[in-house]
**Student:** 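Questions regarding the structure given below will be posed in turn.
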Amino acid sequence: MVHTYFEYVTTEYPHGAGHGMLLVQLHGADTGQPWAPVGARRMLGRAGKRAGLGVVKPHAFRHSFTSAVLDAADGNTLIARDAGGWASATMVDEVYGHVDVHDPVFDAALRTVWGETK
């Protein structure tokens with residue numbers, strides 16, 4: 001995947017695009033212009049069907065990325081905020097924060113509340 005990304009950026013991505021957007025028109029009058037959101041959704045829809053994944057939505061990538069960053073950063077919402085470009089760590093916590101249901105501390109807390117012992 002990294003090799004494919006590098007090849008795209010070094011051989012296909014239009015030089016001097018000047019906007020930093022990754023998905024751009026590669027041919028035609030709008031070469032170098034960012035894709036419209038509908039273009040990305042359609043491309044993902046076609047790719048999802050071809051791969052047998054069903055409907056693939058762009059926001060799922062953002063959610064997966066944020067969850068992975070939160071897991072890797074031991075739940076540090078400031079790191080996730082900065083990595084994902086959000087304005088508020090509180091929003092990251094409220095929308096993307098989650099409990100690791102396999103964490104022994106979480107399990108012990110539930111068992112205590114339920115009056116069970118492990």
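Position 1 is the first residue of the sequence; numbering continues from there.
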**Student:** Which donor-acceptor pairs under 3.5 Å do the side chains of residues 25-47 make with protein atoms, sequence neighbours left out?
**Tutor:**
from	atom 1	to	atom 2	distance (Å)
Thr31	OG1	Gly28	N	3.3
Thr31	OG1	Gly28	O	2.7
Trp35	NE1	Val24	O	3.1

**Student:** Establish whether Val95 and Leu70 are linked, either directly or via other cluster members, by ILVMFWY side-chain heavy-atom contacts under 4.5 Å.
**Tutor:**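 The answer is yes; both residues are in one hydrophobic cluster.
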**Student:** Would you give the length of the straight line joining atom OG of Ser67 to atom CZ of Arg62, rounded to the nearest 0.5 angstrom?
**Tutor:**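 Between atom OG of Ser67 and atom CZ of Arg62 there are 12.0 Å.
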**Student:** Taking side-chain hydrogen bond (donor to acceptor under 3.5 Å, both in side chains) as the definition, give me every residue that meets it alongside His15, ordered by chain and number, with sequence neighbours left out.
**Tutor:**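 His15 satisfies side-chain hydrogen bond (donor to acceptor under 3.5 Å, both in side chains) with no residue once adjacent residues are dropped.
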**Student:** According to a 4.5 Å side-chain heavy-atom criterion applied to Ile, Leu, Val, Met, Phe, Trp and Tyr, with indirect links allowed, do Tyr13 and Tyr5 form part of one hydrophobic cluster?
**Tutor:**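 Both belong to a single hydrophobic cluster.
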**Student:** To check you understand the geometry: which heavy-atom pair defines the closest contact between Leu78 and Asn76, and what is its length?
**Tutor:**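 Closest approach of Leu78 to Asn76: N-OD1, 2.9 Å.
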**Student:** Can you name the ring-ring contact (aromatic ring centres under 6.0 Å, His included) partners of Trp86, sequence neighbours left out?
**Tutor:**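 ring-ring contact (aromatic ring centres under 6.0 Å, His included) list for Trp86, sorted by chain: Tyr96.
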**Student:** Please answer: with hydrophobic residues joined when any side-chain heavy atoms are less than 4.5 Å apart, are Phe106 and Trp114 in the same cluster?
**Tutor:**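 Yes.
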**Student:** For a quick test of reading the model, state the closest non-hydrogen atom pair linking Ala80 to Val69 and the distance between them.
**Tutor:**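 For Ala80 versus Val69, the nearest heavy atoms are CA-CG1, 3.6 Å.
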**Student:** Nearest heavy-atom pair of Val56 and Gly48: which atoms, and what distance?
**Tutor:**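 Here Val56 and Gly48 meet closest at CG2-CA, 3.7 Å.
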**Student:** How long is the straight-line distance from CZ of Arg81 back to CG of Asp93, given to the nearest 0.5 Å?
**Tutor:**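 The distance works out to 12.5 Å.
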**Student:** Tell me the closest heavy-atom pair linking His19 and Met21, and the distance in Å.
**Tutor:**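 Closest pair (atom of His19, atom of Met21, distance): ND1-N, 3.0 Å.
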